[in-house]
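Okay, so here's the structure we're looking at.
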Amino acid sequence: MLSEQEIVRREALAQIKALGIEPYPAAEYPVNAYAADIKENYNQAEEEADRNYQDAALAGRIMMKRIMGKASFAELQDSTGRIQLYIARDTICPDENKDLYNKVFKKLSDIGDFIGIKGKTFTTKTGEISIKVSEFTFLSKSLRPLPIVKEKDGEVYDAVTDPDFRYRQRYADLVINPAIRDTFRKRTLIYSTMRKYLDTKGYLEVETPILQPIYGGAAARPFKTHHNTLDMTLYLRIANELYLKRLIVGGFEGVYEFSKDFRNEGMSRFHNPEFTQIELYVSYKDYYWMMDMTEEMIEQVAIATNGTTKVQVGENVIDFKRPWKRYTMYEAIEHFTGIDISEMDEDAVRETAKKLHVPTDPSMGRGKLIDEIFGEKCEAQLIQPTFITDYPVEMSPLAKKHRDKPGLVERFEGICNGKEFCNAFSELNDPIDQRERFEAQLELGKRGDEEAMTLDEDFLRALEYGMPPTVGIGIGMDRLAMIMTNSNSIQDVLFFPQMKPEANQGKEEDADE
RNA sequence: ACGCCUGUAGCUCAGCUGGUGGUAGCACCUGACUUUUAAUCAGGGGGUCGUGGGUUCGAACCCCACCGGGCGUACCA
């Protein structure tokens with residue numbers, strides 16, 4: 001069923017065609033100016049001829065019409081912003097035939113239509129820089145009405161806030177809430193800042209398989225698929241760690257990849273089934289070096305996206321200025337609970353967890369219990385960027401044992417705004433130790449841990465050829481983007497977040513036929 | 001997955017203790033208007049009150065189930 005407004009627009013389309021006007025022309029429209037540039041640079045002085053925009057040609061959507069008889073105003077929204085158009089009947093229709101104004105503009109053009117206009121820039125008597133239109137061309141007729149958002153003095157009226165609408169119809173959201181484009185521009189700026197930083201250091205951006213016969217590199221449940229020709233099960237990667245390490249074995253000194261990873265787990269405002277990490281591996285370095293590098297790189301990201309190291313996130317101002325705080329995991333737990341668990345055995349840690357009202361279950365080993373205590377009692381309180389170091393070995397089957405703290409690995413996580421956003425370690429490169437760790441994981445799997453890692457023989461073969469000492473890091477790009485853009489939900493930093501299927505999609509499609 | 005909140009026109013929202021769905025604003029249609037800017041003025045159309053049951057003389061409102069959405073919790077990045 002078409003709404004009244006949709007029927008009206010289809011009728012307008014038919015009338016446009018009946019007037020011999022092509023509503024979807026093929027030819028290039030020669031744009032020579034943009035709304036934001038004109039507003040910023042317009043200068044009517046004679047000697048500023050290059051900045052007076054007297055032959056401006058713009059293209060964009062009509063976003064507002066104010067019809068006033070023989071002259072009207074409209075707002076044109078292009079990729080840079082909006083500018084007011086002044087459309088006088090006798091200017092666009094110098095001859096006897098006033099159809100272009102009376103019919104085409106006043107009746108047949110709608111909010112949302114793409115048009116091209118040519119005209120002279122001037123300032124109205126109320127001081128608004130506007131274009132006096134001399135030519136008006138349909139570029140694309142819009143058949144579906146956009147919700148209209150109005151604004152005055154910075155206050156927005158009738159803003160479309162329905163998240164369902166915004167996420168499902170992001171294309172419309174971007175049109176009517178153009179401020180969100182900034183969020184996505186910033187997201188891209190985060191990528192380009194990091195890419196520039198890493199390229200300058202000489203590291204190689206690479207691509208590795210998304211379809212993997214054995215998923216590894218993290219603890220998570222995968223999406224499973226099937227390749228017909230090879231008749232084999234393939235998994236969508238949950239991480240790319242093991243492939244990047246193979247490239248370190250192959251002799252690259254530094255490799256990185258912005259990688260879409262896939263985890264078949266719950267969704268929340270911090271989780272989307274597909275998400276992006278950057279993983280970076282550098283040989284001959286250790287996790288101390290990586291902490292320094294991470295601070296420097298993320299500080300640059302903050303400055304690039306916010307102009308300063310200080311970023312407003314919710315109610316907090318987070319300062320990414322180096323150096324960040326560093327706690328070992330034991331120190332962090334002692335700091336927030338007053339209890340030193342570093343010397344405790346598994347039973348004592350379990351008792352401590354119970355005393356702190358941290359939920360436990362019998363399958364948890366000492367490492368998992370410590371991780372739970374940290375997650376419950378410490379993580380949410382770490383607002384400013386902080387490195388937590390030296391994790392229990394049980395939790396980190398790919399990390400190198402600590403050079404002088406038994407039972408721990410050389411690992412750190414970066415925490416910010418109460419959430420982990422990166423995870424790094426001095427990589428385990430002892431192939432015999434690595435095999436034992438994988439075997440321990442297999443044991444955990446037998447005990448019912450669905451996220452236990454599987455044993456990857458090919459990866460072990462690579463390690464046996466020899467991998468240099470290497471440090472690696474994974475940074476959650478979506479989480480980083482949330483922080484840098486002050487977004488409360490991962491859905492706000494993904495153009496097309498995963499959604500449940502639309503309830504009446506089938507019906508709608510039938511109606512469209 | 002569980003708990004709490006929520007669903008009224010294309011959008012934003014009123015709707016009292018259950019008594020005929022709102023003269024609501026924007027959008028849309030008709031008309032007026034050559035410097036307006038949330039344009040204004042006069043008129044008009046538009047609804048399966050998320051869906052299906054139940055209670056009741058009577059349900060947008062109360063009850064149940066289902067379907068969307070939000071926020072927490074859990075798993076995790």
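Convention: sequence-line order gives letters A, B, ...; per-chain numbering from 1.
Using a 4.0 Å cut-off between a side-chain N of Lys or Arg and a carboxylate O of Asp or Glu, A:R237 and A:E257 qualify as a salt bridge. Between A:E241 and A:K245 there is a salt bridge, since at least one side-chain N of the basic residue sits less than 4.0 Å from a carboxylate O of the acidic one. Remark: A:D110 engages A:K141 in a salt bridge, criterion side-chain N to carboxylate O under 4.0 Å. A salt bridge links A:E75 with A:R66: the closest approach of a Lys/Arg side-chain nitrogen to an acidic carboxylate oxygen falls below 4.0 angstrom. Salt bridge A:E205/A:R195: present, at least one basic N to carboxylate O contact under 4.0 Å. Ionic pairing of A:K446 and A:E443 is present here: one or more N-O contacts between side-chain nitrogen and carboxylate oxygen are shorter than 4.0 angstrom.
Checked options A:R187, A:R269, A:K260; the residue passing with A:D478 is A:R187 (criterion: salt bridge (Lys or Arg N to Asp or Glu O under 4.0 Å)).
Taking the six-membered ring wherever Trp is involved, the centroid distance between the rings of A:Y42 and A:Y53 does not fall below 6.0 Å. Between A:F495 and A:F184, a ring centre-to-centre spacing shorter than 6.0 Å is recorded. Residues A:Y191 and A:F258 place their aromatic rings such that the two centres sit under 6.0 Å apart. Within the 6.0 Å centre-distance limit, the rings of A:F73 and A:Y86 are counted as a close aromatic pair.
One C1' atom belongs to B:G45, the other to B:U30, and the distance between them is 10 Å to the nearest Å. Between B:A74 and B:U55, the distance separating the two C1' atoms is 38 Å to the nearest Å. As rounded to the nearest Å, B:U48 and B:A59 have C1' atoms that lie 15 Å from one another. When the C1' atom is used for both B:C33 and B:A42, the distance is 12 Å, rounded to whole Å. The same atom, P, is picked in B:U51 and in B:A9; the two are 10 Å apart, to the nearest Å. Comparing the P positions of B:C62 and B:G31 gives an interatomic distance of 45 Å, to the nearest angstrom. Taking atom C1' on both nucleotides, B:C63 is separated from B:G18 by 13 Å, rounded to a whole Å.
Summarising the geometry, the separation between CE on A:M63 and P on B:A39 is reported as 12 Å, rounded to the nearest angstrom. A:R168 has its CZ atom 14 Å from the C1' atom of B:G7, to the nearest Å. Between the CZ atom of A:R66 and the P atom of B:C41 there is a distance of 15 Å, rounded to whole Å. Spacing between atom CG of A:N177 and atom P of B:U12 amounts to 11 Å, rounded to whole angstrom units. Atom-to-atom, CG of A:L2 to P of B:G47 comes out at 14 Å; the value is rounded to the nearest Å. Between the CG atom of A:D164 and the P atom of B:G50 there is a distance of 15 Å, given to the nearest Å. Rounding to whole angstrom units, NZ of residue A:K125 and P of B:A39 are separated by 17 Å. Between the C1' atom of B:U34 and the CD1 atom of A:I92 lies a distance of 13 Å, rounded to the nearest Å.
When heavy atoms are screened at a 4.0 angstrom cut-off, A:Q491 is found touching the sugar-phosphate backbone but no base atom. As judged by a 4.0 angstrom heavy-atom cut-off over every strand, A:N272 is placed among the base-contacting residues. Looking at heavy-atom distances under 4.0 Å, A:E128 makes contact with a base. A:A218 comes within contact range of no nucleotide atom at all, as no heavy-atom separation falls under 4.0 Å.
Side-chain proximity of A:K70 to the nucleotides B:A74, B:U34, B:U35 is greatest for B:U34. Side-chain proximity of A:F73 to the nucleotides B:G69, B:U35, B:U34 is greatest for B:U35. Side-chain proximity of A:M68 to B:G69, B:A39, B:U12: nearest is B:A39. Closest approach to the A:T124 side chain among B:A74, B:U36, B:C11 is made by B:U36 (side chain taken as heavy atoms from C-beta onward).
Secondary structure note: stems in RNA chain B built from 3 or more consecutive Watson-Crick or G-U wobble pairs under 3.5 Å occupy B:1-7 with B:67-73, B:10-12 with B:24-26, B:28-32 with B:40-44, B:50-54 with B:62-66.
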I'd like a list of close polar pairs between nucleotides 25-32 of chain B and the protein, N/O only, cut-off under 3.5 Å.
unit_1 : atom_1 : unit_2 : atom_2 : d
B:G25  : N2     : A:D158 : OD1    : 3.3
B:G25  : N2     : A:D158 : OD2    : 2.8
B:C26  : O3'    : A:K150 : NZ     : 3.0
B:A27  : OP1    : A:K150 : NZ     : 3.1
B:A27  : O2'    : A:Q5   : OE1    : 3.1
B:A27  : N3     : A:Q5   : NE2    : 3.1
B:G31  : OP2    : A:K107 : NZ     : 2.9

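For B:U36, the base has no donor-acceptor partner in the side chain of A:Y86 [N/O atoms by modelled type, under 3.5 angstrom]. Scanning atom types as modelled, one donor and one acceptor separated by under 3.5 angstrom connect the side chain of A:Q84 and the base of B:U36.
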